[in-house]
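Note that this is a predicted model, so its numbers are computed, not measured.
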Amino acid sequence: MLGSAGAAGAALAATLLTALALLSVIAVLAWIRRRIRQARQGPVAPLSWRSSLLLCIALAYPAMVATLWINIWLQQRGQDALDANRQARRYVTVQAASTFGEIMLPAGTRLLRDDPLDPGTPDWPVTLRAVQAMRFPAPQAINAAWVSAVQTAPPLMELAQPRRFTVQAEGPSQGREMLCDTGWIAQFRLPDDQRYREDWQRNGLPPESFQPSRWLFETCFEGSPILVPTLRNGEIAWE
């Protein structure tokens, strides 16, 4: 509520400043027109120091307001460019086959990443760190399972073919086999390695730490596909 009131107040102030600047320009133009008319009729008395001061103020004020709006426009343009660059770094399509931990990402793989160490500037290289989800252009084999997409946190796999898993999580189902159908989501948990977990949480998933062979199968279920958006003409597209 306070934020909305503040924004409304700022907009009102900007409108008043602009209106006053326009009125000042109109007044100066009207004054110049009057002086020209007087000059055609005969000699015109020179301006007094008060009139000269008012004229300077009337000319300087619109220039200041115009400079303010130009600065705002330049800042907004820079912010828009920064936001577009951040989006391009968040929604990445792999251009060439790349090693990612235990697997190879084929060209065309769509990635969703959120790197806390990435400042988002154009001169900073885009890495494979902090990948949150990936969708392959064609099913890939991971731990003898054919999958269409993977989510890293929590660890999930979208199965492209039926696969039988053995429950590894502790509990009454441990050791039981589960048949997971095509399109189902297989759910895992990370190994009990505190350092391994903390590195993910603090810095984002390092590529070399992507080790699905260490994931512990918990269950599978029929759920929604793992969505990995992409950018098309600067717009986010969910496919």
Peer 1: Which heavy-atom pair separates Arg113 from Thr127 by the least distance, and what is that distance?
Peer 2: NE-O, 3.1 Å

Peer 1: Report the C-alpha separation of Thr219 and Val167 in whole Å, then their side-chain angles, then the decisive distance to 0.1 Å, and conclude whether the side-chain contact (heavy atoms from CB on, under 4.5 Å) test is met.
Peer 2: CA-CA 7 Å; Thr219 187; Val167 178; over 6 Å; no

Peer 1: Can you name the nearest heavy-atom pair linking Thr182 to Pro162, along with the distance?
Peer 2: OG1-CD, 3.1 Å

Peer 1: Looking only at heavy atoms, what is the nearest atom pair of Glu158 and Gly183, with distance?
Peer 2: CG-O, 4.4 Å

Peer 1: For the atom pair OG (Ser209) and CZ (Arg129), what is the distance rounded to the nearest 0.5 Å?
Peer 2: 8.0 Å

Peer 1: With a 4.5 Å cut-off on side-chain heavy-atom distances among I, L, V, M, F, W and Y, is there a chain of contacts connecting Met104 to Leu128?
Peer 2: no

Peer 1: Does the side-chain contact (heavy atoms from CB on, under 4.5 Å) test come out yes or no for Phe188 and Glu218, once each step is laid out?
Peer 2: CA-CA 5 Å; Phe188 302 80; Glu218 290 185 321; 5.8 Å; no

Peer 1: Which value, rounded to the nearest 0.5 Å, describes the distance between Phe221 atom CZ and Gln187 atom CD?
Peer 2: 5.5 Å

Peer 1: Report yes if some heavy atom in the side chain of Phe165 is under 4.5 Å from a heavy atom in the side chain of Cys220; otherwise report no.
Peer 2: no

Peer 1: Do you know the tightest heavy-atom contact between Ile185 and Ser224?
Peer 2: CD1-O, 3.7 Å

Peer 1: Would you say the side-chain atoms of Glu102 and Gln211 include a donor-acceptor pair closer than 3.5 Å?
Peer 2: no

Peer 1: Does the side chain of Arg90 reach to within under 4.5 Å of the side chain of Leu112, using non-hydrogen atoms?
Peer 2: yes

Peer 1: Does a sphere of radius 6.0 Å around CD in Glu222 hold more than 12 heavy atoms from other residues, nucleotides or ligands, not counting ones at 6.0 Å or beyond?
Peer 2: no

Peer 1: Quick check for you: to the nearest 0.5 Å, what is the distance between Gln151 atom CD and Met157 atom CE?
Peer 2: 12.0 Å

Peer 1: State, with a plain yes or no, whether a side-chain heavy atom of Leu179 is found less than 4.5 Å away from one of Asp181.
Peer 2: no

Peer 1: If you take all heavy atoms of Val92 and Arg89, which pair is closest and at what distance?
Peer 2: CG2-O, 3.3 Å

Peer 1: Hydrophobic cluster membership, with links at side-chain heavy-atom distances under 4.5 Å among I/L/V/M/F/W/Y: are Leu205 and Val126 in one?
Peer 2: yes

Peer 1: Of all heavy-atom pairs between Pro191 and Leu216, which one has the smallest distance, and what is that distance?
Peer 2: CA-CD1, 4.4 Å

Peer 1: Quick one: do Met178 and Trp184 end up in the same hydrophobic cluster if we chain Ile, Leu, Val, Met, Phe, Trp and Tyr together by side-chain heavy atoms under 4.5 Å apart?
Peer 2: no

Peer 1: Donor-acceptor pair, Thr230 side chain versus Val228 backbone, under 3.5 Å?
Peer 2: no

Peer 1: Side chains of Tyr91 and Arg110: closer than 4.5 Å at any heavy-atom pair?
Peer 2: no

Peer 1: For residues Ile142 and Phe136, determine if any side-chain heavy atom of one lies less than 4.5 Å from a side-chain heavy atom of the other.
Peer 2: yes

Peer 1: Are any of the side-chain heavy atoms of Leu111 and Val131 separated by less than 4.5 Å?
Peer 2: yes

Peer 1: Is there a path of hydrophobic side-chain contacts, each under 4.5 Å between heavy atoms of I/L/V/M/F/W/Y residues, joining Phe217 to Trp146?
Peer 2: no

Peer 1: Quick one, Pro106 and Gln140 - any side-chain contact, counting heavy atoms below 4.5 Å?
Peer 2: yes

Peer 1: Parallel, tilted or perpendicular: which fits the ring planes of Phe100 and Phe210, with parallel below 30° and perpendicular above 60°?
Peer 2: tilted

Peer 1: Thr109 versus Arg135: any side-chain heavy-atom pair under 4.5 Å?
Peer 2: no

Peer 1: Test your reading of the model: is there a side-chain donor-acceptor pair from Arg163 to the backbone of Val147, 3.5 Å cut-off?
Peer 2: no

